[in-house]
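Reading through the structure tokens given below for one structure.
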Number of protein chains: 2
Amino acid sequence: MTSERPRTRIQRRNRHAILDAALVVFSQHGFRGATLDQIAAEAGLSKPNLLYYFPSKEAIHETLLAGLLKTWLDPLRALDPAGEPVAELLGYVRRKLAMSRDFPRESRLFANEILQGAPRIAPTLGGELKSLVDEKAAVIAGWSAAGRIADVDPYHLIFSIWALTQHYADFDVQVRAVLGEERGDPLDGAERHLVMLFTRLLTP
Amino acid sequence: MTSERPRTRIQRRNRHAILDAALVVFSQHGFRGATLDQIAAEAGLSKPNLLYYFPSKEAIHETLLAGLLKTWLDPLRALDPAGEPVAELLGYVRRKLAMSRDFPRESRLFANEILQGAPRIAPTLGGELKSLVDEKAAVIAGWSAAGRIADVDPYHLIFSIWALTQHYADFDVQVRAVLGEERGDPLDGAERHLVMLFTRLLTP
DNA sequence: GAAACGTTTGACCGGGCGGTCAGGAACACG
DNA sequence: CGTGTTCCTGACCGCCCGGTCAAACGTTTC
């Protein structure tokens with residue numbers, strides 16, 4: 001893969017600006033819905049200049065996804081087999097929810113990719129993602145068998161955490177439309193609710 | 001709105017074929033990502049013939065969304081204030097999960113629309129959807145106050161049901177990639193898991 | 001069978017798209 | 001200051017997209 005680090009400061013700045021702009025545009029319109037002109041405008045650059053730094057639209061998208069996947073899986077990697085089970089899982093929920101709060105565009109970029117059949121990251125899903133989940137699922141299954149948490153299917157537990165936390169980023173518009181403008185940040189209520197939900201679910 | 005019913009049988013057949021094909025294509029590629037040629041090919045018609053039955057690409061999409069929203073909200077409408085609270089809510093979960101099983105493309109069409117900021121159904125979200133949810137949230141809050149179910153935020157409870165059930169349709173590729181091909185239908189495991197989850201959450 | 005109407009299509013159009021290219025501007029370094 | 005290198009851009013290209021249209025084809029009706 002092309003992993004040459006940017007040499008000059010101007011390169012770093014512009015590549016960064018492009019990826020930032022691309023994240024905004026791709027996450028809102030999806031890959032096909034986004035245009036290079038939009039990204040260029042958002043980045044404050046000309047379209048040919050974009051293609052000076054990246055060989056193609058595809059390449060920008062791929063770079064974005066590759067960078068995303070690492071940070072996206074970190075919260076799960078941090079799940080400590082040696083920790084207190086319920087606290088560990090609640091910590092995972094909180095970290096994941098924090099990502100929905102702090103990186104909603106990353107979440108939507110990912111959701112867009114999966115929705116469209118994951119054409120560009122299918123191998124990663126069946127490879128890196130699957131083996132990480134397998135590993136952590138085994139840990140959870142161990143906790144379950146030892147009676148330290150309630151008896152739950154570890155895979156569906158993980159899916160539940162993903163679904164419940166990412167929902168607040170991906171379906172943000174709907175959440176806000178339903179809650180109206182009065183209430184405070186939906187994410188605050190969500191955190192209380194989810195901590196309660198998983199506490200009730202997991203304590204034996 | 002254009003609500004003239006199709007007169008002849010050939011009209012009904014072709015309009016239906018177009019909407020069917022459009023659902024397949026729109027749900028996979030999103031509005032901008034889909035092309036009339038794709039829809040026409042999927043429907044087995046020529047592109048100009050598509051535009052004989054619908055005035056524009058937009059019109060096809062709108063027709064699809066309008067028809068979708070009704071069926072999409074029916075499971076929530078069926079929530080009976082007079083029923084037994086836990087059973088009612090579990091029934092809602094099951095109906096919603098059945099929709100993910102039977103109409104995954106409808107779910108993805110909806111998800112695509114929300115992800116992109118709901119440009120075409122924002123009014124409906126703040127109107128029809130909000131008032132329905134408000135109504136049912138009041139019912140659930142009543143059950144909560146009466147001690148017939150545990151003390152939960154009714155809005156976030158409803159969000160949780162949406163998130164957990166739709167996840168299996170919208171993120172189907174990811175779910176299957178993680179679970180591998182061995183296991184049976186993910187939806188079977190999901191149903192057991194979700195029934196357990198909501199039983200634990202809701203019983204006082 | 002001919003008129004009248006509903007249905008289908010090939011050919012076409014203007015605009016927007018991803019991408020190219022030749023050359024100019026800005027900078028680094030002696 | 002000169003020169004090599006990096007950075008940037010206007011103009012352009014070919015393709016694809018949504019949509020149009022005139023004409024042909026089918027079907028019904030009398």
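A, B, ... follow the sequence lines: proteins, then strands. Residue 1 opens every chain.
Summarising the geometry, the separation between CG on L50(B) and P on dT20(D) is reported as 13 Å, rounded to the nearest angstrom. We find that CZ of F26(B) is positioned 13 Å from P of dC17(D), with the value rounded to whole Å. Rounded to a whole Å, the CZ atom of R13(B) is 13 Å from the C1' atom of dT27(D).
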Check the interface with nucleotides 5-7 of chain C: list each N/O to N/O pair with the protein under 3.5 Å, or write none.
from, atom 1, to, atom 2, distance (Å)
dT7(C), OP1, T8(B), OG1, 2.9
dT7(C), OP2, Q11(B), NE2, 2.8
dT7(C), OP2, Y52(B), OH, 3.1

Using nucleotides 14-23 of chain C, report all nitrogen or oxygen pairs with the protein that are shorter than 3.5 Å.
from, atom 1, to, atom 2, distance (Å)
dG18(C), OP1, A34(A), O, 3.3
dG18(C), OP1, K57(A), NZ, 3.0
dG18(C), OP2, L36(A), N, 2.8
dG18(C), N7, K47(A), NZ, 3.1
dG19(C), OP2, K57(A), N, 2.8
dG19(C), O6, K47(A), NZ, 3.4

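Using a 4.5 Å cut-off on side-chain heavy atoms (C-beta onward), V178(A) and L125(B) make no contact.
Residue Y53(A) places its OH atom among more than 12 non-hydrogen atoms of other residues, nucleotides or ligands, all under 6.0 Å distant.
Between the CG atom in L202(A) and the CG atom in D151(A) there is a gap of 11.5 Å [rounded to 0.5 Å].
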Test salt bridge (charged side-chain N to carboxylate O under 4.0 Å, His left out) on E181(A) and K130(B) and set out the steps.
CA-CA 12 Å; E181(A) 320 230 331; K130(B) 177 168 169 31; over 6 Å; no
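Summarising the geometry of L76(A) relative to V133(A), their closest heavy-atom pair is CD2-CG2, 4.1 Å, with the distance given to 0.1 Å.
Residue pairs that meet the ring pair (Phe, Tyr, Trp, His ring centres under 6.0 Å) test with at least one member in residues 177-198 of chain A, sequence neighbours left out, are H193(A)-H156(B).
Salt-bridge check for D188(B) with R101(B): passed, with a basic side-chain N closer than 4.0 Å to an acidic carboxylate O.
Relative orientation of the F159(A) and H167(B) rings is tilted, given thresholds of 30° and 60° on the angle between their planes.
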